[in-house]
There are 2 protein chains.
Amino acid sequence: MTTAKSDTISTRIGKTLAERIISGAIEAGSRLRQDHVAEEFGASHVPVREAFRLLESQGLVVSEPRRGVRVAGFTREEVREVAEMRASLEALALRNAFPHMTKTILDQAEEANRAGDRARDVYAWEEANRNFHRIILTPCGMPRLLKAIDDLQTASARFLFSGWRAEWEAPTDRDHRAILDALRTGQADLAASVLARHVQTVGRKGPK
Amino acid sequence: MTTAKSDTISTRIGKTLAERIISGAIEAGSRLRQDHVAEEFGASHVPVREAFRLLESQGLVVSEPRRGVRVAGFTREEVREVAEMRASLEALALRNAFPHMTKTILDQAEEANRAGDRARDVYAWEEANRNFHRIILTPCGMPRLLKAIDDLQTASARFLFSGWRAEWEAPTDRDHRAILDALRTGQADLAASVLARHVQTVGRKGPK
DNA sequence: TGTTTCAAAATTATAGATAATTTCAAGAAT
DNA sequence: ATTCTTGAAATTATCTATAATTTTGAAACA
């Protein structure tokens, strides 16, 4: 989506590579060679290495000391792990966001939800879905928590795009509505528990 | 503690700097200048920059584009945030560790707890405390989760060492025993909720 | 045919050098 | 006295070069 020129070369390289990994353009297990990447971006390998470190911190690549980095793979177990972490942290964020929730915010979330309904491919749907979650969680005002959730959502998107799920099915959107209803009627705990369960459904459908 | 020679120069630099930040040897807000650090370690700035990135991913420093990195500060709010994240994630880890819990593991935890009682300074106590948590959580077998918890524990240790709490008080150890008792009697949910509340007490006592 | 050895090629990690940006302090202007 | 320039020093970010390590592939051997 927004490639955004985040000043430094290494972050630009990092973001571009992240997109490719998430979308599946670079497949799991493949090696990323710094010279090749550097040449492609018309840069030297120093910023490339830093980009690799960024990707490593997001869990998108794994780095072995003198053997370079390769795109992280993911097993059924890892998918479940990410889903459980998301469930736990998003529920926490939502409970903390609740006191700061306004009608305006809920309306924005509703609109994001509708955008999801209109989505014609999985990429558009994922963007709308992520927006929905971001909108209702951001008011918690906990930057570290939001960053952690964002990284986990990125990982989830990888699984989604990897084709493990051919359909991105309607039930999820129904969950969204249930969450909004709970928030509108002041039931914070209910909203949080629906959200927690909802997030875990992403990890449900198994691969292979 | 264990400086560990993790092969590459950048990780060694990173670990050393991390220890200094955690222990308070380098105070919050101070700038880290790459040339100076490089000179001290007899290296060039390339590995130093990579070390900075590692520290950034752990939340120990903040980096502004062309202005370098400085040691992350922490407000009352951030302390609370980290505590809540820990509570949430450690409870998750414990619930998942529960099915794999053995008597041997519980005995090791008991021993770590006793080591905490014997500790004569806050550093020794923190190490024992961290061991206790690590021992009971590791069996969950969720590497990403454990890494996230580890980073949060590091942040917690910073707050602890920063002198916000003059005493590291007994109540925490009583919580440890309550957790062990619950685990021994098969009450997983009780253990998890005691752990969650326990972790949050670290963030309770205010600064200033 | 399959395995081992060994040297060339590729690749990573670090160092040294350069360009670009920011910081900081001294002096000018209001 | 305070705010605004301005330029030198410090610092960051990047590039080019070098050293060290790993990978690859072909030849020798069993």
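Residue numbers start from 1 in every chain, and the chains themselves are labelled A, B, ... in the order their sequence lines are given, proteins ahead of strands.
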Self-check item: B:Asp35 CG - D:dA9 P separation (whole Å)
Solution: 17 Å
Quiz item: Where the side chain of B:Ser57 meets the backbone of B:Leu54, is there a donor-acceptor pair that is under 3.5 Å apart?
Solution: yes
Quiz item: Which whole-number value in Å describes the distance from A:Asp7 CG to D:dT12 P?
Solution: 15 Å
Self-check item: Parallel, tilted or perpendicular: rings of B:His198 and B:His133 (30°, 60°)
Solution: parallel
Quiz prompt | Gap between atoms CG and P, on A:Leu32 and C:dT11 respectively (whole Å) | solution = 13 Å
Self-check item: B:Ile9 CD1 to D:dT21 P, straight-line distance once rounded to whole Å
Solution: 11 Å
Self-check item: CD/B:Glu39: more than 12 non-hydrogen atoms of other groups inside 6.0 Å
Solution: no
Exercise. May I ask you to decide if B:Arg144's main-chain N or O and A:Glu81's side chain share a donor-acceptor pair within less than 3.5 Å?
Key: yes
Quiz item: From B:Lys15 NZ over to B:Arg20 CZ, what is the distance, rounded to the nearest 0.5 angstrom?
Solution: 15.5 Å
Exercise. When you get a sec, tell me which of D:dT11, C:dA15, D:dC15 is the closest nucleotide to the side chain of A:Pro47?
Key: D:dC15
Self-check item: Within 6.0 Å of CD in B:Glu111, more than 12 heavy atoms from elsewhere
Solution: yes
Quiz item: Choosing from D:dT14, C:dT11, D:dC15, which nucleotide comes nearest the side chain of A:Thr8?
Solution: D:dT14
Self-check item: Distance in angstrom units between B:Glu64 CD and C:dT21 C1', rounded
Solution: 14 Å
Quiz item: Nearest-Å distance, CZ (B:Arg70) to P (C:dT23)?
Solution: 9 Å
Quiz item: Whole Å only: how far is the CD atom of A:Glu39 from the C1' atom of D:dC15?
Solution: 15 Å
Quiz item: Which residue lies toward the 5' end of DNA chain C, A:Val46 or A:Arg33, if each is placed at its nearest nucleotide?
Solution: A:Arg33
Quiz item: CD of A:Glu50 versus C1' of D:dT12: gap in Å, rounded?
Solution: 10 Å
Quiz item: Does B:His45 have a side-chain nitrogen or oxygen under 4.0 Å from the phosphate oxygens OP1 or OP2 of D:dT14?
Solution: no
Protein and nucleotides 22-24 of chain D: nitrogen or oxygen contacts under 3.5 angstrom:
unit_1: D:dT23; atom_1: OP1; unit_2: A:Arg67; atom_2: NE; d: 3.2
unit_1: D:dT23; atom_1: OP1; unit_2: A:Arg67; atom_2: NH2; d: 3.2
unit_1: D:dT23; atom_1: OP2; unit_2: A:Arg67; atom_2: NH2; d: 2.9

Quiz item: Does CD belonging to B:Glu40 count more than 12 external heavy atoms closer than 6.0 Å?
Solution: yes
